[in-house]
Amino acid sequence: MNTLLIDGFTLTPEQVVAVARDPSIRVGLADSSRAALKESRDYIEATWMHDEAPMMYSFNTGVGLLKDTRIKVENIGLFQIQMIKAHAAGMGEPFSEEVSRATMLLRANAFASNYSAPRVEVVDRLLAFLNAGIHPVMPQKGSVGASGDLAPLAYLGAAIAGFPQAEVIYQGKRMSAPEAIAQAGIAPVEFELKAKDASALINGCTVSLAVAALAAHDARALLADACISLGLTLEAMRAEMSGFDERIHLARPHPGQIRTAAIIRRLLQGSTRTSHEARSVQFPEELRRSDIPYTPRIQDVYSLRCAPQVYGPVFDALDYIDGIIAKETNSATDNPLIFGKDGGGFEIISGGNFHGQYLAQAMDLLAMAVADLGSICERRIARLIDPTLSWGLPRNLMTGIRGVNTGYPVVQCSMSALVMENRTLCMPGSVDSIPAKGNSEDHISNSTWCARKAATVVANTQYIVGVEMLLAAQGLTMTESLLPGFVLGQGTQAAYEEIRRQIPACLDGDRWFHDDIATARSFVLEGTVRAAVEKAVGRVA
């Protein structure tokens, strides 16, 4: 079994997501990092572990407004314990096991860079938990993303130390940390914390980063699926494809816009459903004169024609967001940090790398970009069930006995509810700041909430995109007999076949809609439709 070695400088967001979602991946500490951590710690133990050492924040001083209060060496161990207990003030439902795993990996990687000065045993302990599948229970609410994610990380620190009050998820069960540690065979059960260990564990915007890394990864996959759902809808509505002409997008050369149009052209390559000849066929519910030749459609509505101009900003935003996350993944975000000096030795410097504003703003952007992606997809869903807007697709895409079966209007209504929820969640959290701790923290980032709400927007939009796939495929099936000889594009044909394979009975009219909706979201979560398309035409996005 291969082991991922972390060194604080080369971990990728893709590796973070892989470890978070695959407990079989083992993680170890690179030898170079182990040696560097030992060197700095040996210096600390030999040079600063006495009561005449320089005052160093959270090392031998109190925290916050108690920064000028010296902690005597004899009390440093108790100080570490009390620091974790004092900051364990979170509330609400716990973060998922995926977030817990990503947090432990990212915290260990931050320490591996040797800027944080905990003992190497702390890193080993984090990786032991990760490899054993022990996941600290961290409440979602309580962090303001200023001095890092103090509240949730305190719960992680309590679990790592084996506090009896700390809880973890282990082998699917919620239990006390000492119980899980003992069952996993990790020794010792109660882990002694020494100088700088606790402050390093709880200081840093690592929980925000863990949520952000997962949300951004899922958003990238979601955008690829949204390209596929758009392609299916274009086929179902026999769209006019001139709006995707490469020349139009080169005339306004935003990378994301150009990329979107190119993806759609590739998905629909070979399609004859999106042609004037196909549009000339009048569907039974299509209201138009039949005594004169059908005139060219010229151009479509915005939710079809302007998709590259709407999807493009999402592509470009994700490129920016991914850059932020990649840098944060290999950043030291606690305080103070330790640096080697020319000529030997080390010095500790106080700063503000724990402040989560980069992540907060990136996550606000992610929420806005994905919310608008969901909004345009929902508008196409609304068109798919209305024959006056879909150019004659059956009303509500209903099958069976008309009136007895009502089709999908309430499904569209539910997607509207998600769009409205997303819009509310787009209120920026990164511009909100409430001073805390006696004004020692007089500006905060709110990064944890920004990441949490962005993740919710992504999850909501997975439903919307999946439902668009489902309803577009429904429309294609119901009109297939009306367009004999007309074919789908190579990519959309692969998507359609995969959807029909997964929901073979969706036209029978007797399926429970919730079942269909859950399956539709699984298209996005599991990437099954995307995989089928990429097998046919290559990478989507």
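The basis for the numbers below is simple: all heavy atoms, side chains too, and nothing from hydrogens, waters or symmetry mates. Nothing fancy with the numbering, it's 1 onward along the sequence.
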Kindly check if the number of other-residue, nucleotide or ligand heavy atoms within 6.0 Å of CD (Glu190) is above 12?
no
Any heavy-atom pair between the side chains of Pro136 and Met104 that's under 4.5 Å?
yes
For His217, does the NE2 atom have more than 12 heavy-atom neighbours from other residues, nucleotides or ligands under 6.0 Å away?
no
Would you say that more than 12 heavy atoms from the other residues, nucleotides or ligands in this model lie under 6.0 Å from the OH of Tyr302, or not?
no
Identify the two heavy atoms, one from Ala112 and one from Gly8, that lie closest to each other, and give their separation to 0.1 Å.
CB-N, 3.6 Å
Across all chains, not counting sequence neighbours, the side chain to side chain donor-acceptor pair (under 3.5 Å) partners of His443 are His355
So OG of Ser199 and OH of Tyr57: to nearest 0.5 Å the spacing works out to 8.5 Å
Hey, does the Lys NZ or Arg CZ of Lys327 hover above the aromatic six-ring of Tyr358, less than 6.0 Å from the centre and inside 45° of the axis?
no
For the CE atom on Met49, are there more than 12 heavy atoms of other groups (residues, nucleotides or ligands in this structure) within a distance under 6.0 Å?
yes
Tyr115, OH: over 12 other non-hydrogen atoms inside 6.0 angstrom:
no
Could you name each residue pair satisfying ring-ring contact (aromatic ring centres under 6.0 Å, His included) that touches residues 19-49, not counting sequence neighbours?
Tyr43-Trp48, Tyr43-Phe346
How many angstroms lie between atom CG of Asn335 and atom CD1 of Ile348, to the nearest 0.5 angstrom?
10.0 Å
Interatomic spacing from NE2 in His87 to CG in Leu201 - rounded to 0.5 Å
12.5 Å
Does a salt bridge link Asp334 with Lys196, judged by any charged N lying under 4.0 Å from a carboxylate O?
yes
Would you call Asp22 and Arg101 a salt bridge, using N to O less than 4.0 angstrom?
no
Quick check on Tyr463: does its OH atom have over 12 non-hydrogen neighbours (other residues, nucleotides or ligands) under 6.0 Å away?
no
Could you go through the salt bridge (charged side-chain N to carboxylate O under 4.0 Å, His left out) check for Asp225 and Arg530 one step at a time?
CA-CA 6 Å; Asp225 282 310; Arg530 185 169 65 255; 2.4 Å; yes
Less than 4.0 Å between a side-chain N and a carboxylate O, is that true for Glu45 and Arg41?
yes
Residues two or more places apart in sequence or in another chain: which of them pass side chain to side chain donor-acceptor pair (under 3.5 Å) with Gln15?
Thr12
Salt bridge or not between Asp7 and Arg34? Use side-chain N to carboxylate O under 4.0 Å.
no
Cut-off 3.5 Å, no hydrogens considered: what does the side-chain donor-acceptor table look like for residues 359-371, sequence neighbours left out?
unit_1: Asp364; atom_1: OD1; unit_2: Gly429; atom_2: N; d: 3.2
unit_1: Asp364; atom_1: OD1; unit_2: Lys453; atom_2: NZ; d: 2.8
unit_1: Asp364; atom_1: OD2; unit_2: Gly429; atom_2: N; d: 3.0
unit_1: Asp364; atom_1: OD2; unit_2: Ser430; atom_2: N; d: 2.8
unit_1: Asp364; atom_1: OD2; unit_2: Ser430; atom_2: OG; d: 2.6

Looking at Ile434, I want to see if its CD1 is surrounded by more than 12 non-hydrogen atoms of other residues, nucleotides or ligands under 6.0 Å.
no
Candidate pair Glu98 and Arg21, rule salt bridge (charged side-chain N to carboxylate O under 4.0 Å, His left out), full reasoning
CA-CA 6 Å; Glu98 290 182 354; Arg21 292 177 171 166; 3.2 Å; yes
List the residues meeting side chain to side chain donor-acceptor pair (under 3.5 Å) with Asp372, not counting sequence neighbours, and say none if there are none.
none
Does the pair Arg119/Asp197 count as a salt bridge with the N-to-O cut at 4.0 Å?
yes
Taking only residues two or more places apart in sequence or in another chain, which ones pass side chain to side chain donor-acceptor pair (under 3.5 Å) with Asp322?
Arg220
